[in-house]
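All values reported here derive from a predicted model rather than from experimental measurement. Whatever order the structure lists them in is the order used to number ligands and atoms, beginning at 1.
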Amino acid sequence: MTQENTAAQPLADRTPEDLQAFLAEQRTAYDDLAGRDLKLDLTRGKPSSEQLDLSNALLDLPSEYVDAHGVDTRNYGGLQGLEDLRAMFADLLWVEPAQVVAGGSSSLVMMREVLTDLWLKGAVDGVRPWGQEEKVTFICPVPGYDRHFTLLEWFGIETVTVPMNEDGPDAEEVARIAGSDPSVKGMWMVPTYSNPSGAVATQEVSARLAAMDTAAPDFKILWDNAYAFHHLTEDEAKSADILSLAAAAGHPHRPIMFASTSKITFAGAGVAFLAGSLETVKWYVDNLGQGSIGPDKLNQLRHLEFFGSPEGVREHMRKHREIIAPKFDIVDRVLTEQLDGLGIATWTRPSGGYFVSLDVLDGTAGRVVELTREAGVALTPAGSAFPGKDDPRDRNLRIAPTFPGPDEVQAAMEVLTACVRLAAAEKLAG
Ligand code: PLP
């Protein structure tokens, strides 16, 4: 940290001469970094090899292939997934085992299946398939997960955005939109340590979403709890019990919950889960049966043996935390050292999940990405966390620090913050 930054004066308050001097300084600093021939990457929201190594014992499991209920996991059948693995994750997700499906390796695939089923067959509480509606619209809290948005685009579903606040989506705004337009059929929701801001939806926000009146009778909350257990501190956030909240409010079929072990064991070879009302589970499994005779139960049994109990999952996640929390600390330290006080950036300090969301000076996010690329640091394209990749303020950037090593995170963050300063100085100095 340079002394100059600790006593930083907001750029907007500086005289034109001071700004020009600051700009010249930033150009020199940037040219120096750009000349170092770096090759760094902050785009990949995936586990590092060290994290994957934590689960290598899976490679020698299962030790037997018949489960505790006599199911031969080598064979076809059991579309809903192995009973004991469903019970383990039901415990972790605070739902009943009968409300859980243990599926293949990707929850995103399950989300696509659910949307396809809604599109072709309609919801358990719907009047007609969504594909027969004149228009279908989804509420998207922003910033959010890019693949949620591209999936909607693929269906031709329209999007309307609401702000993602620290306590979850702006619930009053969601209720206003969902209550007034019957084409609004659902919303995305990453309730715990959201991608990318790390926000955790409070009980109050969740209860409001569960209970609100919606113009569409078959309104769905696609409750993507991808980071339910991915704590970065000892203060482990608890996800709201959305299925009970919705059932108590008279909307039992509204939420459909998703989770997976992609960032617990192996990304691409884990187990994904869906949970909902008993009717929703039956609807999903019946539709699934049109294209499947059963999931990979050997992999499910392998995971069951590996974890042993719900506590085994929690314990395993603490090992992940030890590896990745220091990387998040580096991100926050460099951001603070280099940007605090300049009035050109704000960022999140997540207590879980995989990302830090950085807001730079309005109108400069695209320029920052361009500058970092030229200096050898890959960043997720500006606007990625918005439907249509359209960030109206061109200010949001997503930082993914889990995959690179700590030294690489440090070096990449130094480049990124230098670019944020330079882009802001360019803009303010005209
Ligand atoms: N949901 C969210 C919010 C994610 O961030 C990700 C991956 O980054 C996924 C889902 C993907 O989940 P899966 O690997 O189970 O398909």
Tyr354 and its side-chain contact (heavy atoms from CB on, under 4.5 Å) partner, picked from Pro47, Pro401, Pro196: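 Among the candidates, only Pro47 passes.
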
Note: Asp218-Arg128 ion pair, threshold 4.0 Å (strictly below):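 No, Asp218 and Arg128 are not salt-bridged.
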
Glu315/Arg318 salt bridge by N-O under 4.0 Å criterion: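 Yes.
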
Phe306: ring pair (Phe, Tyr, Trp, His ring centres under 6.0 Å) partners, not counting sequence neighbours: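 Checked Phe306 against ring pair (Phe, Tyr, Trp, His ring centres under 6.0 Å); matches are His316.
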
Worked check of side chain to side chain donor-acceptor pair (under 3.5 Å) between Asp235 and Thr233: CA-CA 5 Å; Asp235 184 13; Thr233 72; 5.1 Å; no

Mind listing the N or O contacts between ligand 1 and protein, cut-off under 3.5 Å?
residue: ligand 1; atom: 1 (N); partner: Asp224; partner atom: OD1; Å: 3.4
residue: ligand 1; atom: 1 (N); partner: Asp224; partner atom: OD2; Å: 2.5
residue: ligand 1; atom: 5 (O); partner: Asn195; partner atom: ND2; Å: 3.0
residue: ligand 1; atom: 5 (O); partner: Tyr227; partner atom: OH; Å: 2.6
residue: ligand 1; atom: 8 (O); partner: Tyr227; partner atom: OH; Å: 3.3
residue: ligand 1; atom: 8 (O); partner: Lys263; partner atom: NZ; Å: 2.7
residue: ligand 1; atom: 12 (O); partner: Ser107; partner atom: OG; Å: 3.2
residue: ligand 1; atom: 14 (O); partner: Ser262; partner atom: OG; Å: 2.6
residue: ligand 1; atom: 15 (O); partner: Ser107; partner atom: N; Å: 2.8
residue: ligand 1; atom: 15 (O); partner: Ser107; partner atom: OG; Å: 2.7
residue: ligand 1; atom: 15 (O); partner: Ser260; partner atom: OG; Å: 2.7
residue: ligand 1; atom: 15 (O); partner: Ser262; partner atom: OG; Å: 3.3
residue: ligand 1; atom: 16 (O); partner: Ser106; partner atom: OG; Å: 2.7
residue: ligand 1; atom: 16 (O); partner: Ser107; partner atom: N; Å: 3.2
residue: ligand 1; atom: 16 (O); partner: Leu108; partner atom: N; Å: 3.0

Trp119 ring center near Phe155 ring center (under 6.0 Å):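 Between Phe155 and Trp119, which both carry aromatic rings, the centre distance is below 6.0 Å.
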
